[in-house]
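We count ligands from 1, going down the list as the structure has it; atoms in each ligand are counted the same way.
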Amino acid sequence: MAFPIEGDGLLDNLFYYVWLKAARDEGLRGFFLPDTVVYKYQQPRSWYFTSIDGTIKKKCKDKLTTQCIEDAFLRKKSESGIVACYIFMSASNNRVIEFFGPEELKHFLNYRKKAQEGILQKWIDPKGEKNSIIQMVWSPKICLFEYRENLKDLYDQRYDMYERAVTFEGEEFHSSSIALRGNELKKHLKNIVELLVMHISEVTSNKLSINRMVLHFKQDKYDNLWLLRATSIRCSEHQNSPLDLNSVIKLPETVNGHKFSTNPQCPMALQKTVLCRNCEEAMEADRMCEISYRMIITAQDGIPPLLKKIHSHMTVDEFEKFRHNPLFLNKQTLVCDQCFLIFTNQWQTSGALPRPQSVPIFGTQPLDPKKTNRRREVTLLSRPENQYMERTVKSSKSTRAFRPNSAAGGEIQLAFTSFRSEIPRIPALNLPRPRTEQQLRGQVSLARMLGTVDITSFLEERYSNKRRQL
Ligand SMILES: [Zn+2]
């Protein structure tokens, strides 16, 4: 029996036919398959891979365990920090791709609810320093190629993983389309795809004859070609249905793909890892702003709902008492930029918190001899027992002898010591403000408290709940 292969979905049956052997077939296809685990009904169903001799193989059923998958996918990790990608069909029937680092992969395998249909694929490093994919539109008569290369250095981990990885999946400004140079490569690709079409036709006794398809290949640093996926396939019996050339693979809702970093020193966060406590929307960490309780209280009457959320046990009486307490008013929390603008709407200033002016350390201020002399005299006069007073007053009522550039170094030192002990400088209260990272950590622990291991999965659940409600 022939499994269906046509359509614009995950098209995971293609991997099955790539692997399936005809008579006297060794399984060499002219291209490689990365380790590809196909999930069906939330369970790993089959695992295809390329063996050392270049043949396409399938793992036996007892290897389809979480531990085996984790071990294989974390072996020989890419220096890009990306270990796998996961493509699945979302509830709204969109093809969605996610990229995993080692931690995300472990979390996915051990804790996450899998989609009904999905493909987990091991990450393959591209030929150059930037991620690239070759899209091939194949038909018996004509072949079209598009080579799309990401703009960011794949190995520069300062950038968000998604910003470095996306090609056809992301916004166009994250990658550039380059003409595929070299007729040899085109000829080779055309050749191997024709052989693959013939092979599929052979193993299905001519039941499946592919007429047109869109394939994604990746070329690695050893110039090997890896078949990543097919995005659209049409068979000859349905000649009239057009090939979906723009069949997009979307990014998950937990990633904001519309951002672009212009400077590696301040890279953008694309993954929404934080919940705004006020609007409860998922946000990227760099969209969170610190806001003082003072501003929140000014913007709203009564106990502001946000403060009620943070201090759930606070009573009205307690709030009335605290609302005049400067320590309470100066406490800060994180809200998203949108909420920040709402809270600070009524303020004359930008809403940015004034930072206390730090007083320079003693001795680094510009010299002001007049002021110093005046103070010194006052000090000395106020201390009649001071042994220096007599001498200072006597010696022409000037304090020149105490000047730092005078020869009487020892006296200066003493005088300064007494002056310092007399009028102690009040140190600037430069109390450290909780750093953004600390606050973010607090947010992650909030997700943990709610019973989820990492916030992305928590957000996912929220999204799916929201969809269910709609
Ligand atoms: Zn918000």
>> Does Met268 form a side-chain contact (heavy atoms from CB on, under 4.5 Å) with Asp286? I'd like the steps, not just the answer.
In response: CA-CA 7 Å; Met268 293 280 192; Asp286 59 4; 3.8 Å; yes
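- Listed by chain and number, the protein N, O or S atoms at a distance under 2.8 Å from the Zn ion (ligand 1) are Cys276 SG, Cys279 SG, Cys336 SG, Cys339 SG.
- Checked against salt bridge (charged side-chain N to carboxylate O under 4.0 Å, His left out), Lys77 has no partners two or more places apart in sequence or in another chain.
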Would you mind writing out the side-chain donor-acceptor pairs for residues 294-304 within the sub-3.5 Å range, not counting sequence neighbours?
residue	atom	partner	partner atom	Å
Arg294	NH2	Asn330	OD1	3.0
Thr298	OG1	Arg294	O	2.5

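- Listed by chain and residue number, nothing satisfies the salt bridge (charged side-chain N to carboxylate O under 4.0 Å, His left out) test with Lys63 (two or more places apart in sequence, or in another chain).
- The aromatic rings of Tyr86 and Phe88 sit parallel, their planes meeting at an angle under 30°, below the 60° perpendicular limit.
- The only option from Ile233, Leu20, Leu14, Asn13 that meets the side chain to side chain contact (heavy atoms under 4.5 Å, CB included) definition with Ile200 turns out to be Leu14.
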